[in-house]
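Since the model is a prediction, treat every value here as computed from it, not as a measurement. Numbering of ligands and ligand atoms starts at 1, following listing order. Numbers here are sequence positions counted from 1.
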Amino acid sequence: MAEHLYIFDTTLRDGEQAPGYSMNLEEKIRIARQLETLGVDIIEAGFAISSPGDFESVEAISTAVKDVTVASLARALRKDIDAAWNAVRKANRPRIHVFLATSDLHLQYKLRMSRDEALERIRENVAYAASLCPDIEFSLEDATRTDRDYMCRVVEEAIRCGATTINLPDTVGYATPDDIRSMVEDVRNRVPDIDKAVISMHCHDDLGLGVANSLAGIKAGARQVECTLCGIGERAGNSALEEIVMAVKTRPDLYSVETGIRTEELYRSARLLQSTTGVKIFPSKAIVGDNAFAHESGIHQHGMMANSLTYEIMTPESVGVVKTSYVLGKHSGHHAFRKKLEELGYILSDEETQRLFGEFKKLCDRKKNVSDRDIVALVESTEQEAKKTWTLESFVVNSGNKMTSTACISLRKGDKVYEGIAAGTGPVYASLRAVEKIIHHPFSLEDYQLSAVTENKDALGEAQVKISDSDHIWRGRGVSTDVIEASILACLSAVNRMLDGESASIDGGKSAVKLSFENDMLMGHTDKEEEYSDDND
Ligand code: KIV
Ligand code: ZN
């Protein structure tokens, strides 16, 4: 019988650490709920000690989800373990994930400690974590470059001290599938009580081998894989959850494991990540990219018509790519609109449906055919709305190749309308300056992206912006058939978040704390000093 493969999702920890993927509390909770719906076994919700924002989100996720284990990462330090435990203790199924590097390279240069010192620290801290929480994972950071004899000693001791999961990360994405197989086999053959723990893989993708390595680990006996939606993560990323899950599902002849993943939720989960972070999924991304199931070549199309198995190893429906039955237009009513939303997988409240229906009707006045992708864009653009302190009343923009652009913008706040006029080198710049003048809160534009939702000339334009004031960064998104309007709407949604306060920022105010924490991580002697002072306490 197929054994259970535990899916440990670290989108909100390893993934969120990657540049461009920061999320605010509300966004993290939304992703966590979707991960629960997707059916992952464990959500690594963050690194509680790393910042007050991380602590708060791990704690909030612990109570927001019910049917999934919630983990927090912790260095092998008491204060980290205490923070992790305090953040996850309210979860139905809490886990503390303790790690320490074990390769000589990391021990010598990062931690500045001997193998024996590291082993002692692992014993002490795994035992301490196990005294608080029944579910303890221990990770040997940089396992794939760790001496095998030492690795086996560490694993044996970690299990003896209470670790129930042993993670063997390929931290720097250096290993090949053969290395992984021999590593897992060695640990399984040489560690006496290895059956008391689940072996886990955590493979980074620096050589593009993350998923292949995770699969090699599964083949050799690992029964947990750590992965992220779309493979986001440090540097080149982590292993993509959707790829691992669909690989083991599509090839039961090779992998005798089953997961609890509702694969029809994969596409929606990836879309949610995209709409939340604003980072586009590459069109040819396996499983969830827009082209993953598109067959352009005539030969392929012919084969597909004769028998879809000729070129399709899994169906789009099996990963949640929906083909809906009808197109909406100007004459479509509320009922048809609601039905379409349901077909697309959105079950919304009456109030939300009503509001979106209003937006849909406005869109029909500007665009003849409203496609499914337009509707998804509408839903996604309103999904993440902050309090709407400022709304757009009207705008006029003048722009040309032989003139300075000017923008005249009217914004509403409560029952008052304010007007701002500004010039700039382009229409977007002029518009954002006019907004800045009205709201009297300076901000800088950190990032700006504009894309078309569909291919046609009358396509909806989608603008994504990131703005910052002196301390924080906020994201905003706007959708319109007019790209200047989309840009102003995106800016206003970011501005509203900025005025909403720190909790809506995507760095949660952690940049300063994080920096000093990172220094801690790099400076092994700092850790040691802390350890000594802990000892002395
Ligand atoms: O890549 C890594 O080694 C990690 C550990 C902290 C599990 O992310
Ligand atoms: Zn990692």
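- Here's the thing with Glu226: none of its N/O atoms is less than 3.5 angstrom from an N/O atom of ligand 1.
- Salt-bridge annotation for Glu27 and Arg30: absent, with no side-chain N of the basic residue lying under 4.0 Å from a carboxylate O of the acidic one.
- Between Arg112 and Glu117 there is no salt bridge, since none of the side-chain N atoms of the basic residue sits less than 4.0 Å from a carboxylate O of the acidic one.
- At least one N/O-N/O distance between His202 and ligand 1 falls below 3.5 Å.
- The part of Asp14 lying near ligand 1 is the side chain, judged by heavy-atom distances below 4.0 Å.
- Between Arg475 and Asp447 there is no salt bridge, since no side-chain nitrogen of the basic residue lies less than 4.0 Å from a carboxylate oxygen of the acidic one.
- Here Glu234 has no heavy atoms under 4.0 Å from ligand 1, in either its backbone or its side chain.
- Looking at Arg75 against ligand 1, nothing comes within 4.0 Å, counting heavy atoms.
- Nearest protein heavy-atom contact of atom 8 (O) of ligand 1 is Arg13 NH2, 2.9 Å.
- Looking only at N/O/S atoms, Asp14 comes nearest to the Zn ion (ligand 2) through OD2.
- With hydrogens and angles left out, the side-chain atoms of Asp9 and Thr11 include a donor and acceptor closer than 3.5 Å.
- Here the CZ atom belonging to Phe8 is positioned 7.0 Å from the CZ atom belonging to Arg13, to the nearest 0.5 angstrom.
- For ligand 1, none of its N or O atoms has an N or O atom of Glu141 under 3.5 Å away.
- Computed with the Zn ion (ligand 2) at the centre, the His202 NE2 to His204 NE2 angle is 100°, stated to 10 degrees.
- Using bins of under 30°, 30° to 60° and over 60° for the plane-to-plane angle, the ring pair Trp474/His472 lands in the perpendicular bin.
- Side-chain contact between Arg271 and Tyr267 is present, with at least one heavy-atom pair separated by less than 4.5 Å.
- Which parts of ligand 1 touch His204 is read off a 4.0 Å heavy-atom cut-off, strictly below it: atoms 1 (O).
- Ion pairing of Arg188 with Glu185 is absent here, as no side-chain N (NZ or NE/NH1/NH2) approaches a carboxylate O to less than 4.0 Å.
- Listed by atom number, the atoms of ligand 1 under 4.0 Å from Thr171 heavy atoms are 1 (O), 2 (C), 3 (O).
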